[in-house]
Amino acid sequence: MPELPEVETVRRMLERHVTGRRIAAVEVSGAALRGVVPRRVHECAAGRVIQGVGRHGKFLFIGLEGGWTLLSHLGMSGRWLFHARPPADPPPHVHVRMRFEDGCELWYEDPRRFGALRAVETSRLAADPSVAALGPDPVHDPPTGARLAAAARGLRVAVKNFLLDQRRLAGVGNIYASEALHRAGVDPRRRAGALTAREWDAVAREVVAVLRAAIERMGTTFSMYRTLWGEPGGYGNHLRVYDREGAPCRRCRTPIRRIVQGQRSTYFCPSCQSAGRSRSRTPRKDRKLKSRRRTAGQGKPRTGA
DNA sequence: ATCCTATCCTGTAGGC
DNA sequence: TGCCTACAGGATAGGA
């Protein structure tokens, strides 16, 4: 759901619209978020100016003056929403309301409460256990095939699950793991330790490519993710395999398959992602039928309208 | 150490 | 129409 491109989209919007604002008051609901310490968030944020917003993987860092940082993870259903003119009655599941001096408000909404929010001292941010465990961010520090191959050496876990492991690479989630492997032409069931150098090169390249392409379109709204303004992301129409079970592969028209790996859905093309060899990057010759896509199972990016 | 499973949680979709 | 159940998956704890 919110993966790196969605979190980056929110980061950019926060950076632009809340940096420099002073938090006049913070209202925190009692609801338990994962690892949240509401009172501490309240005490650390109230009265301080937001100095900038950073990100590593799926974590957001909202930097405050005075040496404090709000560490935010959106989990499955978390959203930061900015209101220039806050509605009178907020929807349910708004757990944090920050009011700025000029009356604007920033809300944290999270129906499933898988998200996390806590205040940490900025000097100790890198040492925070959940941050310290993260691998490199693929957008800040693009991986090479050689590096991924070295990290995967000897591992028997499926390459799909390897990509989901935040200790190896921080920010790839279920949607983009499937997408990157399809783009790279690698079967998601292959053991990570068994990929060739050439395959790792393709995976490294396509992970970065799909994340960047999704960032450009403000992420993928599969169900709940929204931007700071409550808008859905625009990358859903560009997904090649995710949530397209039975629909024709956009490259070869073979029906997309869905399997379950580690209790999560994986989508792939059994033809393009054949076990054993990575496909060439030769452009398609037959581009005859391409306007009759728009298949069933194309997610439900309810625009809310 | 690696790998796998269950757990948290609620909105939504599908079946009857 | 409405109730009921299954399903979706981020991180993490705990077991093998």
Side-chain angles (χ1 to χ4, degrees), chain A residues 1-10 29-37 55-60 71-80 91-95 108-118 120 128-135 137-138 148 150-179 188-194 211 214 219-226 230 232-233 236 239 241-246 258-267 296-304:
Chain A
M1 303 261 156
E3 304 180 25
L4 188 153
E6 293 75 38
V7 178
E8 174 62 15
T9 300
V10 172
S29 82
L33 293 171
R34 182 162 301 239
V36 80
V37 187
R55 181 191 61 74
H56 189 111
K58 302 171 194 170
F59 282 85
L60 277 174
L71 188 155
S72 160
H73 193 295
L74 301 177
M76 292 289 301
S77 59
R79 310 165 180 168
W80 285 103
H93 312 304
V94 172
H95 302 114
Y108 180 68
E109 183 185 11
D110 190 352
R112 288 186 216 178
R113 308 209 304 272
F114 280 17
L117 181 68
R118 49 183 204 272
V120 299
D128 184 278
S130 49
V131 176
L134 296 175
D137 181 285
L148 293 182
R153 198 180 314 280
L155 299 187
R156 301 168 63 83
V157 71
V159 60
K160 156 74 174 345
N161 293 335
F162 175 90
L163 291 179
L164 292 180
D165 187 341
Q166 304 297 298
R167 298 168 304 175
R168 313 289 181 188
L169 210 56
V172 176
N174 208 44
I175 294 175
Y176 300 110
S178 281
E179 293 296 310
R189 299 165 294 188
R190 301 276 306 290
R191 288 177 175 178
L211 295 175
T220 300
T221 293
F222 178 64
S223 63
M224 312 206 65
Y225 156 76
R226 292 291 129 95
L239 295 175
V241 290
Y242 189 82
D243 198 36
R244 296 190 67 241
E245 182 180 18
R258 185 185 85 95
I259 59 175
V260 174
Q261 294 181 287
Q263 348 239 61
R264 265 105 187 109
S265 294
T266 300
Y267 298 87
Q298 187 52 256
K300 19 299 203 193
R302 292 174 291 281
T303 50

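All values below come from the heavy atoms of this structure, side chains included, with hydrogens, waters and symmetry mates left out. In what follows, chains are A, B, ... by sequence order, proteins preceding strands, each numbered from 1.
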Exercise for the section: Tell me which nucleotide among C:dG10, B:dC9, B:dC3 gets nearest to the side chain of A:M76. Expected result: C:dG10
Exercise for the section: Find the distance A:R112:CZ to C:dG10:P and express it as a whole number of Å. Expected result: 10 Å
Practice task
Indicate whether OP1 or OP2 belonging to C:dA8 is found under 4.0 Å from a side-chain N or O atom of A:S265.
Solution key: yes
Practice task
Rounded to the nearest angstrom, tell me the gap between atom CD1 in A:I259 and atom P in C:dA8.
Solution key: 13 Å
Fill in the blank from the handout: Whole-Å distance, A:R168 CZ to B:dC3 C1', equals 11 Å
Handout entry: Spacing between A:N161 atom CG and B:dC3 atom C1', to the nearest angstrom
Key = 10 Å
Problem - Min side-chain heavy-atom separation A:Y176-A:T220 under 4.5 Å - result: yes
Practice task
Using whole Å, report how far CG of A:D110 lies from P of C:dG10.
Solution key: 13 Å
Practice task
Quick one: sort the A:Y108 and A:W80 rings into parallel, tilted or perpendicular, breaks at 30° and 60°.
Solution key: tilted
Exercise for the section: Using a cut-off of strictly less than 4.0 Å, decide whether A:Y176 has a side-chain nitrogen or oxygen near OP1 or OP2 of C:dG9. Expected result: no
Fill in the blank from the handout: Regarding the side chain of A:V157, the nearest nucleotide among B:dT2, B:dC4, C:dG10 is B:dC4
Problem - Among B:dT2, B:dG11, B:dC9, the one nearest A:H93 by side-chain distance - result: B:dG11
Handout entry: Pair A:S130-A:R118, side-chain donor/acceptor within less than 3.5 Å
Key = yes
Completion exercise
A:D165 CG to B:dA1 P, in whole Å, measures 14 Å
Practice task
Whole angstrom is fine here: how far is it from CZ in A:R191 over to C1' in B:dC3?
Solution key: 12 Å
Handout entry: Sugar-phosphate or base contact per nucleotide [nucleotides 11-16 of chain C; S, B, -; heavy atom under 4.0 Å]
Key = BS----
Problem - Atom pair distance, as rounded to whole Å: CG in A:L163 and C1' in C:dG10 - result: 16 Å
Fill in the blank from the handout: Closest to the side chain of A:R113, out of B:dC3, B:dG11, B:dC9, is B:dC9
